[in-house]
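A short write-up of the structure that comes next.
Numbers restart at 1 for each chain; the letters A, B, ... are given by sequence-line order, proteins then strands.
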4 protein chains.
Amino acid sequence: MGGGKLSRREREKLRQRQDMLAVAIELFSNNGYHNVSMHKIAQEAEFAIGTLYKFFKNKEDLYRSIITEQADIFHETLTRALEEGNEEIDKLRNYVQVKGAVFMDNVSVIRLYFAETRGASFNIKAGLTKEIREDYEGIIQQLAQIFEAGIQKKRFQHIADPYHLALSLDSLSNTFLYLWLEAPKQHPYPDDPDTILNILCKGLVVEP
Amino acid sequence: MGGGKLSRREREKLRQRQDMLAVAIELFSNNGYHNVSMHKIAQEAEFAIGTLYKFFKNKEDLYRSIITEQADIFHETLTRALEEGNEEIDKLRNYVQVKGAVFMDNVSVIRLYFAETRGASFNIKAGLTKEIREDYEGIIQQLAQIFEAGIQKKRFQHIADPYHLALSLDSLSNTFLYLWLEAPKQHPYPDDPDTILNILCKGLVVEP
Amino acid sequence: MGGGKLSRREREKLRQRQDMLAVAIELFSNNGYHNVSMHKIAQEAEFAIGTLYKFFKNKEDLYRSIITEQADIFHETLTRALEEGNEEIDKLRNYVQVKGAVFMDNVSVIRLYFAETRGASFNIKAGLTKEIREDYEGIIQQLAQIFEAGIQKKRFQHIADPYHLALSLDSLSNTFLYLWLEAPKQHPYPDDPDTILNILCKGLVVEP
Amino acid sequence: MGGGKLSRREREKLRQRQDMLAVAIELFSNNGYHNVSMHKIAQEAEFAIGTLYKFFKNKEDLYRSIITEQADIFHETLTRALEEGNEEIDKLRNYVQVKGAVFMDNVSVIRLYFAETRGASFNIKAGLTKEIREDYEGIIQQLAQIFEAGIQKKRFQHIADPYHLALSLDSLSNTFLYLWLEAPKQHPYPDDPDTILNILCKGLVVEP
DNA sequence: TATGAATGAGAGTTCATTCAT
DNA sequence: GATGAATGAACTCTCATTCAT
């Protein structure tokens, strides 16, 4: 992002950190938090165990770093997607499309993300989840407002509570992402966001 | 259910097994697989640890038993719900209603079920999930056939691939179950299945 | 002590506990708390590490058990010694003699005891020491009262504050115990307690 | 001390060494050998860890340096105190007074010193102690000779073996130093050395 | 047959020490 | 010469599993 104002040392450090995180994401994603040891992560990342602990003060901190950093990226990207476009329907299309893109670019991390936002994540430590869920809730609220605005502007029918509609749209896009995740070739995430929106909106949009 | 030919001994054994499973479900559901020890389960169920191992050959086997047996009950119940009613729309209504009922009666187990079918089931051992997913897939296929039939009978608009519609309906009901799970009073699971079906079907059903 | 009302199981357990404590005392005494690992203790006591942790919930608990249990025995024995005899000088003689006997019977443990009551024990955990030091202080107070009584009865000269005299007597007996500890044959702890008492009391006792 | 032939470089080095030692003394004294890391020492002394290792080949060497150098100062000071004064009683008074002064000026170091000469020095490595104990033994011998001379000159009564008297005097002054250490205001180390000497000598000195 | 004491592999974490820069 | 990032042996502690009683 920014200029190149980091010293060689700092750049090197950042790269090491990224390497460790990348390995950890892969392992956690494939095996689950409790089935991955710090030694395993260190080994796969080709660092000594002590080095790993120089970067992350403990296992939970490493996990927390993954989740919060990745969630930040997702949430920011999605928030921005929801702000672009004038028409409500365009914002929704953006959301579906961008969500697909960003998740498909981060396959490994989404399992962890899903686990934290939806699944039975047994709060590796209570509170971790809280922050993320609040961000997630923020997105849903944003979506809900878009639905509400659309309804008020008579663009959408008032077929359900806007908050429910928001959750539903998110849920539907997740469904397609799951499908794709399990068999990417057989079930590609739709290029056209209307494929997903139609399921929700075919009866939603007020025909002009 | 089956005949009545179980000896007193066998009945006693079965009851012990049920007791163990019930305790394990509660513990796993509240704490997660890795945060529950075999000792804890034995203790809470008031059996010796050795006795627990007489019934389940190891921790994974115990977990697998819970998941598969409970999933069987769910799937059977849901399958039956999909067979009742003549009109396709009634079958769907049944599904949404029965699913809500059965899940709300088994709060503890659904977290585990969700974890296995969707989110962060890190395959306690690969293959566990497979069996359940196949059952789950069966339900979805059944649902898909109902949608397809409805479309062919011109009861439903062909707004999307029937398989996608099936997944979507299931996903929407899950969404409402999650909501209820997190705040039962604030977000009751709708009494009227149309609340959920409308989101999907408002534009789906062909107005007569 | 009491009858034999312990079951075979309980007796066995007690014996195991004693074995573990005995090994731990020896190791801690010779090497210091931080230079002895739980594995080492388990190994020397010929138990699995897990068994050791069945008896003591952690390393500190094991150490605490040693110190408090042994200190209890010492303090009780010394307290009783101070209560026997009519004349103050006899009580002091008793103290010096019994202290020598009890310490010489528990060579290993006294290093640990000294470390906790006097030496620079860096409070394996603050508070451990507190309890023991209070017991120790109790002994000193008892001694001080004896000196005070002796002075009031004109048996002793008032050559110093009774509390200081109490500490001094204790300190002098420690000095002889140290000497004996380092070279038992060359520096036997005096059979005759007056050898020690004279250093303090030659000018203390009022000649009749 | 020696000539003045140290180069600026050498003087600088010496000062750095002193700084490191001073920090280490404080930390070891407050926390104990095993609860202080080399990193902590380096950090507090504001040197790089590598620099610390340039001055001391390992942690033990650093500790050994503290103990031996400080002990040297103490022993030299005490030895000189024992050489001043004509009368034996004055030498003893000097000893008690100077020992109090030097210890009270070096509070931090005396805990370590006590640990090494008496209590729970668990031979950070056997042999460390040896050197110090020999020095200490030297002091005690010197004291013993003073007692012996006093006895021969009929200044002191022969109430006990001179060596025992020497140890006893040292022990008594330690007792008062402990007291002061734990509660400086409540238990000041006596200004008048006779407060301590009387406990030992009230009956020792032959009244003229 | 049911029991639960005993086991020990393996987890997370620390820190003395080294050595390339 | 000074630095401090990197190392990995060793520590404390847990818990799934076994087997003699």
Quick one: does any side-chain atom of [X] pair with a main-chain N or O of [Y] as donor and acceptor, under 3.5 Å?
| X | Y | result |
| --- | --- | --- |
| Lys59(D) | His34(D) | no |
| Thr68(A) | Arg64(A) | yes |
| Asn106(C) | Val109(C) | no |
| Thr51(B) | Phe47(B) | no |
| Lys13(D) | Phe55(D) | no |

Report task. Locate the shortest heavy-atom distance separating Ser29(C) from Ser108(C); write the atom from each residue and the value. Result ->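 Residues Ser29(C) and Ser108(C), closest heavy atoms: OG-O, 2.7 Å.
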Query raised in the report: What heavy-atom pair brings Ile41(A) and Leu62(A) nearest, and what distance separates the two atoms?
Result: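 Residues Ile41(A) and Leu62(A), closest heavy atoms: CD1-CD2, 3.7 Å.
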Requested in this report: Starting at atom CE of Met20(A), determine the distance to atom C1' of dT7(F), rounded to an integer number of angstrom.
Outcome: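 These atoms are roughly 12 Å apart.
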Query raised in the report: His34(C) NE2 to dA10(F) C1': how many Å, rounded?
Result: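 Interatomic distance, NE2 of His34(C) to C1' of dA10(F): 15 Å.
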Requested in this report: Anything under 4.0 Å to a heavy atom of chain C counts; send over the first and last such nucleotide of DNA chain E, read 5' to 3'.
Outcome: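 Listed 5' to 3', the contact boundaries are dA5(E) to dG10(E).
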Query raised in the report: So Phe28(C) and Tyr63(C), would you call those rings parallel, tilted or perpendicular, with 30° and 60° as cut-offs?
Result: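 Answer is perpendicular, since the angle exceeds 60°.
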Query raised in the report: How would DNA chain F look in dot-bracket form, 5' to 3', counting Watson-Crick and G-U wobble pairs with both distances under 3.5 Å and writing | for bases paired to another strand?
Result: .||||||||||||||||||||
Query raised in the report: Mapping Gln16(A) and Met38(C) to their closest nucleotides on DNA chain F, which lands nearer the 5' end?
Result: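 Its nearest nucleotide being more 5', the pick is Gln16(A).
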Requested in this report: Mind jotting down which residue pairs meet the salt bridge (charged side-chain N to carboxylate O under 4.0 Å, His left out) criterion with at least one end in residues 31-51 of chain B? Sequence neighbours excluded, please.
Outcome: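 Sorted pair list: Lys40(B)-Glu44(B).
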Query raised in the report: On DNA chain E, nearest-nucleotide positions of Phe55(B) versus Val36(A): which is more 5'?
Result: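 That would be Phe55(B).
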Query raised in the report: Where each residue is assigned the nucleotide of DNA chain E containing its nearest heavy atom, which of Ser37(A) and Lys59(D) is assigned the position nearer the 5′ end?
Result: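 Upstream on the strand: Ser37(A).
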Requested in this report: Please work out which residues in residues 40-54 of chain D have a non-hydrogen atom less than 4.0 Å from an atom of DNA chain E and list them by number.
Outcome: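 Result for residues 40-54 of chain D: Ile49(D), Tyr53(D), sorted by number.
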Requested in this report: Can you sort out the partners of Gln70(B) under side chain to side chain donor-acceptor pair (under 3.5 Å), two or more places apart, ordered by chain and number?
Outcome: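 For Gln70(B) there are no side chain to side chain donor-acceptor pair (under 3.5 Å) partners, ignoring immediate neighbours.
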Scan the side chains in residues 16-25 of chain A for donor-acceptor partners under 3.5 Å anywhere in the protein, sequence neighbours excluded, and list what turns up.
{"unit_1": "Arg17(A)", "atom_1": "NH2", "unit_2": "Glu69(A)", "atom_2": "OE1", "d": "3.1"}
{"unit_1": "Arg17(A)", "atom_1": "NH2", "unit_2": "Glu69(A)", "atom_2": "OE2", "d": "2.1"}

